[in-house]
Amino acid sequence: MQAGSPVLRDLVLVGGGHSHVTVLKQFAMRPMPGVRVTLVTSCVNTPYSGMLPGYISGFYSFDDVHIDLSRLARFAGARLIHAEARGLDTKGQRVLLRGRPPVRYDVLSLNLGITPALSTVPGAAEHTTPVKPISGLVPRFEALLARAVSADVPLRVAVVGAGAAGVELACALQYRLGNERQAAGITSPLTVSLISRGPILQGLTSYARRTFLSLLKERGVVLYEVAGGVKEVLPGELLLSGGQRVPFDECLWSTQASAASWLADTGLPVDADGFLLVDECLRSEGGPPNVFAAGDVAASRANPRPKAGVFAVRAGPPLAGNLRRSLAGEPLRPWTPQSTYLSLITAGDKYAVATKGWLGAQGGWLWAWKDRIDRAFMDKFGSDLDFEAMHSSAARPPPQPRPSLALDGRLSPEELALLASAKMRCGGCGSKVGASTLSRVLRRLQHEEYCEGSAAAAAPAAPAEGGSEAVRGGQTLAAGPGPAGGSMLLGLDSPDDAAVLEPPPPGHVTVHTVDFFRAMVTDPFVFGQIAANHALSDCYAMGATPTAAMATAVVPLAAPAIMEEDLLQLMAGALRVLRSAGCALVGGHSSEGTELALGFSVYGSAPRDSILRKGGMQPGQALVLTKPIGTGMLLAAEMRGGGKGQWVEAAIETMLLSNGPAVPVLCRHGATACTDVTGFGLLGHLAEMARASGVLASLNAAAVPLLEGAAECAAAGHLSSLHAENARVAAAVQGGALLGAGAAATTFGLLVDPQTSGGLLAAVPADAAERCVAELREAGYTSAAVVGLVEGPLDAEDAPCLQLRGLSD
């Protein structure tokens with residue numbers, strides 16, 4: 001969306017299929033001011049089905065055959081929500097998601113994947129692997145590939161379904177597995193069987209069928225053409241309708257596909273097979289006028305077509321056009337897909353068969369032609385994305401005199417007034433989020449299960465409207481359980497201006513901390529969780545138990561309904577973390593702003609004699625780090641189009657991992673000093689500890705765990721904007737002047753990389769360090785490691801306090 005434009009409409013795309021990637025690209029090239037695009041997908045890498053056989057054959061890498069939806073969404077200025085859709089509320093205009101709040105929409109488009117119909121054959125669901133979704137097939141194939149070369153024993157693979165996809169898959173498996181086993185010196189037989197319900201390649205030309213009957217025989221694929229197909233799947237064996245039995249060690253199911261089961265419960269019209277019915281404009285036929293669908297999930301009575309990728313690709317541009325027209329209130333334009341299409345079917349090796357209408361051809365040149373076509377298609381959503389030009393365009397002011405001119409005909413008087421005042425919004429208390437919006441958010445948060453964490457307590461009843469500052473003045477955002485021991489005197493059930501808490505029990509002291517930052521991910525629910533985790537970590541690093549928190553939230557200017565949803569998503573994520581920690585959200589403040597931001601002031605307590613401080617390191621101790629580093633570089637790379645979505649997703653999983661459970665593990669093993677690794681980077685925080693303790697700390701750079709992709713981002717020069725300031729810690733390193741060049745500079749960059757919701761760095765007795773790391777890994781900190789030593793006292797107060805080992809030459 002155009003920077004600075006108030007959000008007035010939400011376009012939500014569910015599924016990252018071939019049609020939606022084109023929609024994203026077109027909205028990237030021509031944004032619609034006032035419209036926010038959100039992609040909801042269960043996979044951040046969407047496979048291109050046309051290249052899957054080449055991947056199985058070994059001609060393409062994983063990245064070659066997948067579109068990085070995270071990168072594409074960033075290019076398009078779209079929000080990415082990595083979640084599984086489980087239903088629709090068409091009256092409330094919300095997409096229901098598994099395990100988190102629903103997402104509202106003004107216009108919705110569905111481009112979901114499909115799966116083979118396993119339920120029609122007994123045992124198929126239990127004993128076979130569906131070819132779709134491809135995201136599930138890829139890891140299963142990798143496991144099959146490893147098993148194929150692990151032992152010199154016979155291997156039997158069956159493919160059920162002999163349409164184009166099944167035929168290609170059988171040929172590719174025969175080619176790849178045979179080659180890999182031969183290279184490994186395995187002489188035991190490989191058997192690839194293809195089971196077809198009737199003749200193979202039904203729906204294609206007789207030329208294609210004749211040609212592949214010959215090619216399958218030539219390649220050694222055993223073909224079963226059986227009128228009734230598979231009757232039952234037993235463990236390790238297919239029972240065919242003719243009585244034949246086909247043994248297998250692995251069975252891949254590639255029969256006629258079915259739509260997601262929840263679509264039938266949405267109330268949208270579907271055909272007999274459960275696919276969404278669409279009209280000639282790709283709009284739900286007989287359903288709500290703001291719901292569209294394309295690709296395999298859609299079916300058209302006016303223009304029926306097979307479930308082929310070519311039609312999903314071709315539907316992208318007309319779908320994008322009609323989504324724009326729907327948002328702008330303009331008449332939609334019908335689209336008629338082509339009646340014939342070029343079919344290119346690969347034969348395992350670099351050989352392909354082509355048909356179109358009555359024409360047919362075969363040869364290696366057709367594979368090369370198909371390869372060029374496929375790579376050019378993938379490049380449009382990969383290497384051709386010009387992030388530098390996109391950033392330059394985003395920095396320029398929009399050419400329109402008003403930021404949402406295309407929507408003006410659809411705007412309400414309230415939205416027109418918002419648009420008119422967008423450039424002259426008040427500051428001070430005039431910038432608060434309205435009381436009625438907060439009231440609705442508060443009530444929804446207190447009654448929705450998606451706020452609950454694994455250790456959540458039940459939320460108190462929502463206060464009556466006007467009965468607390470949360471509702472009256474917009475001060476308190478949401479409720480949670482009271483602090484441990486019932487120490488809250490005044491909270492959400494009181495109309496007072498501040499929360500009042502009892503002091504901690506005798507022998508305990510209070511711990512207070514604050515954190516606040518801008519969003520680093522586009523999903524507000526995930527950002528809320530990360531921000532809360534980050535804020536709680538300061539308490540955990542001190543050995544304290546967080547008991548109460550106050551929030552400061554900033555949400556971008558938008559239509560009231562959209563601001564409400566954004567605030568709901570943000571605080572629902574935060575509450576999930578806080579409630580899991582047993583920490584009550586007792587107050588806060590909310591405001592309009594240019595971008596999403598969230599912070600917390602956290603109150604906790606700890607026994608006076610058990611506080612962990614930075615200055616408690618002792619000579620001879622080992623340094624233990626609980627989480628890998630690299631979030632700053634990965635997020636910087638992602639913003640510039642230089643990272644991978646799977647890297648960012650792995651980093652997010654790490655940021656969502658609470659430091660709370662690590663503290664008792666560290667304490668059990670004698671930790672005397674601790675800090676959380678955040679904005680100053682690992683070296684910066686270690687320098688604080690060493691200086692406060694008056695010791696020389698030695699860090700083994702080679703032992704420091706890194707997030708996947710962090711080293712690549714560092715080598716590519718994707719530095720955080722805080723890097724230059726953090727790099728000043730080199731002055732505290734012995735020989736620090738040598739850290740600015742070559743491989744040492746790359747490693748140094750990682751060590752000063754600012755971390756969001758990073759791990760804990762603790763000093764423990766050296767003889768307990770390995771046991772401590774083992775217990776941390778059992779507790780879920782799988783990358784925990786011993787990363788250094790406390791050498792001895794400093795020679796002088798101003799002497800360098802850090803020593804680096806394990807640097808690359």
Side-chain angles (χ1 to χ4, degrees), residues 432 438-439 441-443 445-446 451-453 455-464 466-516 528 531-553 570-591 598-613 658-660 663-664 676:
K432 289 182 180 179
L438 285 172
S439 174
V441 170
L442 181 64
R443 286 196 299 270
L445 285 171
Q446 290 172 330
C451 299
E452 302 297 341
S468 79
E469 189 67 18
V471 177
R472 291 191 306 106
Q475 296 300 309
T476 299
L477 294 173
S487 61
M488 182 168 60
L489 296 179
L490 297 177
L492 291 177
D493 58 350
S494 170
D496 293 279
D497 293 320
V500 178
L501 307 176
E502 286 276 15
H508 286 63
V509 294
T510 60
V511 176
H512 299 265
T513 182
V514 64
D515 263 300
F516 180 85
N533 252 335
H534 186 93
L536 293 175
S537 287
D538 282 333
C539 260
Y540 292 137
M542 299 287 291
T545 300
T547 53
M550 300 188 76
T552 300
L570 186 69
M571 296 314 301
L575 276 174
R576 173 171 292 185
V577 170
L578 294 175
R579 288 178 174 173
S580 293
C583 181
L585 185 59
V586 297
H589 186 85
S590 60
S591 176
L598 181 62
F600 295 91
S601 174
V602 179
Y603 164 97
S605 66
R608 181 184 297 273
D609 57 356
S610 299
I611 295 175
L612 291 171
R613 298 181 60 190
S658 170
N659 281 321
V663 177
D676 59 330

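The structure displayed is predicted, hence computed values, not measured ones. All values below were derived from every heavy atom in this structure, side-chain atoms included, with hydrogens, water molecules and symmetry-related copies excluded.
Annotation for Pro664 and Gly660: closest pair CD-O, 3.3 Å, computed over non-hydrogen atoms. Residues Leu445 and Arg579 approach most closely at O-NH1, 4.1 Å, considering heavy atoms.
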*Tell me, with the steps shown, if Asp515 and His534 meet side chain to side chain contact (heavy atoms under 4.5 Å, CB included).*
CA-CA 8 Å; Asp515 263 300; His534 186 93; 3.4 Å; yes

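With sequence neighbours excluded, the residues satisfying side-chain contact (heavy atoms from CB on, under 4.5 Å) with Val509 are Arg608, Ile611. Residues satisfying the side-chain contact (heavy atoms from CB on, under 4.5 Å) criterion with Pro607, sequence neighbours excluded, are His508, Asp609, Ser610. Listed by chain and residue number, Asn659 satisfy the side-chain hydrogen bond (donor to acceptor under 3.5 Å, both in side chains) test with Ser537 (two or more places apart in sequence, or in another chain). For Asp676, there are no side-chain hydrogen bond (donor to acceptor under 3.5 Å, both in side chains) partners at least two apart in sequence or on another chain. Taking Val602 as the reference, Thr513, Ala535, Leu536, Cys539, Pro546, Ala549, Phe600 meet the side-chain contact (heavy atoms from CB on, under 4.5 Å) condition, with sequence neighbours excluded.
One distance of note links CZ of Phe516 with OG of Ser601; it measures 13.0 Å at 0.5 Å rounding. Once rounded to the nearest 0.5 Å, the distance linking CG of Leu578 with CZ of Arg576 reads 12.5 Å.
Thr547 places a side-chain N or O within 3.5 Å of a backbone atom of Tyr603 that can act as its donor or acceptor partner.
For the pair Met571 and Leu598, the minimum side-chain heavy-atom distance is below 4.5 Å.
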